Amino acid sequence: MSETLYIDGAWRSAASGQTREIRCPADDSLVGVVAEGGAEDTEAAIAAARRAFDTGPWRRTPDAERGDLLLQVAEAIDIRRDEFVDAETLDTGKRPYESDIDMTDIANCFRYFGKLAAQDAGRVVDAGSADVDSRVVYEPVGVCGLITPWNYPLLQAAWKVAPALAAGNTFVLKPAELTPHTAILLMSVLDDLGVPAGVANLVLGAGATAGAPLSAHPDVDLVSFTGGLATGRIIAREAAATVKKVALELGGKNPNVVFADACDTRERLAATVDNALNAAFLHSGQVCSAGARLVIEESAHDRFVDELVRRAESIRLGLPFAQGTETGPLISSAHRDKVHAYVEQARAEGAVIRTGGEFATGDEGSGTLDNGWFYRPTVIDKATRAMACVHDEGFGPTVTVETFTTEDEAVAIANDTDYGLSGAVWSSDAARARRIAGRLRHGTVWINDFGPYLPQAEWGGFGHSGVGRELGPSGLNEYRETKHVYENLRPDVTGWFAARGEQL
Ligand code: NAD
């Protein structure tokens with residue numbers, strides 16, 4: 001099937017006729033063949049979205065009706081759950097169990113924005129005069145270019161598509177070239193639900209060709225991007241010429257700050273280590289908010305890191321559909337090489353690789369790992385702030401370990417990053433935990449937890465982690481223009497300039 005571009009309400013092949021093979025990163029098996037779009041396809045999609053926005057019914061559809069449609073999308077994803085789960089699993093190599101959790105979150109995201117759509121119609125402003133009616137109203141921004149990564153393919157798309165539709169925009173979605181299948185399914189859901197032609201468009205292909213017009217094109221009013229910092233910079237630069245709205249959700253290098261009093265009993269040690277393990281190795285560390293920097297109080301270092309290493313060594317890597325698999329491969333061979341290069345550099349800079357630091361091969365009971373891009377969970381001890389492994393986002397199953405002795409030092413280490421996406425503090429002293437949380441310069445801070453997010457709470461980064469927020473009311477506002485309508489109910493001569501010459 002190569003008619004996988006969805007443009008102006010119809011499925012199409014790429015104008016060039018080119019296709020791309022999608023392979024499962026766990027075993028390199030062929031998952032599907034999709035259209036490899038290029039700039040020409042994206043320009044056609046932008047033109048369709050422009051037409052649909054300027055002359056179509058969508059932006060004038062009542063908010064509540066658009067909200068209802070989003071609720072139906074959630075329903076359809078639930079009904080077609082197995083199809084969505086299988087597609088996400090095969091494209092990413094993550095377990096169906098994890099894909100299923102993603103689908104629940106995705107359906108909930110559509111539900112959240114579906115309900116929010118009609119809740120905030122603007123406000124009346126007191127202009128200080130009975131002769132003035134002054135209102136602040138919200139309108140859709142227009143044509144939105146939505147560009148998403150491969151780690152949580154449909155989840156990241158849903159965080160953009162749901163609020164964009166709720167606000168009355170039209171959009172062109174360009175998912176990561178490696179993981180297109182759930183985006184195709186989402187478009188088929190929107191098509192089935194009768195979304196007007198041109199409102200929802202999908203282009204597939206490489207970023208530099210199929211993606212680039214979404215930031216540069218004058219007919220796109222907003223570009224919302226989730227992905228790496230280097231790409232985010234290109235997009236911001238390209239968007240500057242047309243001064244479009246830009247939302248960026250970029251990477252993170254997220255500190256997990258652990259005080260000794262969070263591991264001073266057997267139970268507390270078990271819980272804190274277990275959460276640090278999840279923070280670092282969930283989805284093999286391919287998570288923008290991964291707890292890839294363990295910042296631990298010196299006095300707890302030895303017992304904590306020994307236990308972390310023991311637990312990391314027992315993580316079962318495997319094929320996604322096999323029983324017993326706990327985590328899967330990295331997304332590609334090139335990405336695994338990049339992760340390994342960071343580890344090698346850390347070793348060269350004097351860090352101690354306590355476990356991992358190598359490709360995972362052989363058969364651990366779920367079938368051979370030799371054909372996929374598996375990497376051993378890796379603990380990098382004796383890391384320092386000068387090392388690249390501490391500053392740069394490796395985006396793999398690696399966690400660096402740094403130590404502190406005072407609260408001030410813990411905060412200084414945790415905030416010593418150009419990023420600022422998320423972080424956590426672990427302490428059994430509630431006042432201290434809140435004190436530290438208040439000082440962390442990160443968009444999301446967890447206390448005695450790591451990872452949860454809620455559709456009703458804003459998500460986004462300080463610093464180089466991005467611009468703008470997704471989810472929550474701000475996540476809807478990203479897709480709305482705010483307009484002040486000031487109505488003078490009794491227009492009269494202002495008298496500002498003297499009336500000279502012949503009077504009327
Ligand atoms: P990436 O930047 O390589 O690619 C992301 C998307 O951008 C892809 O669709 C790609 O095709 C497209 N793209 C690449 N070059 C482009 C260009 N010149 N113009 C337009 N589009 C272009 O990122 P990735 O490797 O797919 O994803 C991993 C990154 O995403 C990590 O840095 C991770 O931290 C980040 N991420 C952030 C969040 C968040 O919420 N902040 C969530 C998930 C992932």
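All ligand and atom numbering here is 1-based and tracks the order in the structure. Note that the structure is a prediction, hence the values are computed from the model and not measured. Scope of the values below: all heavy atoms of this structure, side chains included, with no hydrogens, waters or symmetry mates.
- We find the OG1-CG distance between T417 and N254 to be 8.0 Å, quoted to the nearest 0.5 Å.
- In terms of protein heavy-atom proximity, atom 31 (C) of ligand 1 is nearest to E393 OE1, 3.4 Å.
- Within the 4.0 Å heavy-atom criterion, the part of I147 lying near ligand 1 is the side chain and not the backbone.
- Nearest protein heavy-atom contact of atom 23 (O) of ligand 1 is G228 N, 3.3 Å.
- For W159 and Y152, the distance between ring centers is not under 6.0 angstrom.
- Annotation for ligand 1: atoms under 4.0 Å from non-hydrogen atoms of K174 are 8 (C), 9 (O), 10 (C), 11 (O).
- Under a 3.5 Å cut-off, the side chain of R385 and the backbone N or O of V390 do not form any donor-acceptor pair.
- By the criterion of a heavy-atom distance under 4.0 Å, neither the backbone nor the side chain of Y152 is placed next to ligand 1.
- A centroid separation of 6.0 Å or more is found between the aromatic rings of W58 and F171.
- Annotation for ligand 1: atoms under 4.0 Å from non-hydrogen atoms of T226 are 5 (C), 36 (N), 37 (C), 38 (C), 39 (C), 42 (C), 43 (C), 44 (C).
- Taking each of G207, G466, S465, A206 in turn, the one with a heavy atom nearest to atom 17 (C) of ligand 1 proves to be G207.
- Contact atoms of ligand 1 toward L421: 41 (N) (distance under 4.0 Å to a heavy atom of the residue).
- Nearest residue to atom 14 (C) of ligand 1 from T231, T42, N254 is T231 (criterion: closest heavy atom).
- Using a 4.0 Å cut-off between charged side-chain N and carboxylate O, D221 and R50 make a salt bridge.
- Closest to atom 37 (C) of ligand 1, if we only count protein heavy atoms, is L250 O, 3.0 Å.
- Residue contacts with ligand 1 for Q156 involve side-chain atoms from C-beta outward but no N, CA, C or O (heavy atoms, distance under 4.0 Å).
- Nearest protein heavy-atom contact of atom 18 (N) of ligand 1 is I234 CG2, 3.9 Å.
- By the criterion of a heavy-atom distance under 4.0 Å, the backbone of P175, and not its side chain, is placed next to ligand 1.
- Among T400, I380, V399, T403, the one residue that satisfies the side-chain contact (heavy atoms from CB on, under 4.5 Å) test with L294 is V399.
- Here the closest non-hydrogen pair linking A167 and P140 is O-CB, 3.2 Å.
- S465 places a side-chain N or O within 3.5 Å of a backbone atom of G420 that can act as its donor or acceptor partner.
- Here is the list of ligand 1 atoms found below 4.0 Å of a heavy atom in G211: 19 (N), 20 (C), 21 (N).
- Ligand 1 lies less than 4.0 angstrom from a heavy atom belonging to A176.
- Nearest protein neighbour of atom 39 (C) of ligand 1, counting heavy atoms only, is C288 SG, 3.3 Å.
- Residue nearest to atom 35 (C) of ligand 1, selected from A208, G227, S332, G251: G227 (by heavy-atom distance).
- Remark: of the listed residues D86, D91, T89, T89 is the sole one forming a side chain to side chain donor-acceptor pair (under 3.5 Å) with S99.
- Between W459 and W446, the two ring planes are tilted [angle within 30° to 60°].
- In this structure, the protein non-hydrogen atom closest to atom 24 (P) of ligand 1 is W150 NE1, 3.3 Å.
- Remark: ligand 1 atoms within the under-4.0 Å shell around heavy atoms of N151 are 43 (C), 44 (C).
- Among protein heavy atoms, atom 27 (O) of ligand 1 sits closest to P149 CB, 3.3 Å.
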Inset, instruction - Please report the C-alpha distance between E470 and K160 in whole Å, then the side-chain angles of each, then the deciding distance to 0.1 Å, and finally whether the salt bridge (Lys or Arg N to Asp or Glu O under 4.0 Å) criterion is met. - result: CA-CA 8 Å; E470 297 201 293; K160 300 182 192 305; 2.9 Å; yes

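- Between the side chains of T92 and T179, no donor-acceptor pair of N or O atoms lies under 3.5 Å.
- Panel note: side chain D41, backbone A15; a donor-acceptor pair is recorded below 3.5 Å.
- A side-chain donor from one of S224 and Y479 sits under 3.5 Å from a side-chain acceptor of the other.
- The single protein non-hydrogen atom nearest to atom 8 (C) of ligand 1 is T148 O, 3.3 Å, given as residue, atom name and distance.
- Between atom 33 (C) of ligand 1 and the options F395, W459, Y419, the minimum heavy-atom separation is to F395.
- Contact atoms of ligand 1 toward E249: 37 (C), 39 (C), 40 (O), 41 (N) (distance under 4.0 Å to a heavy atom of the residue).
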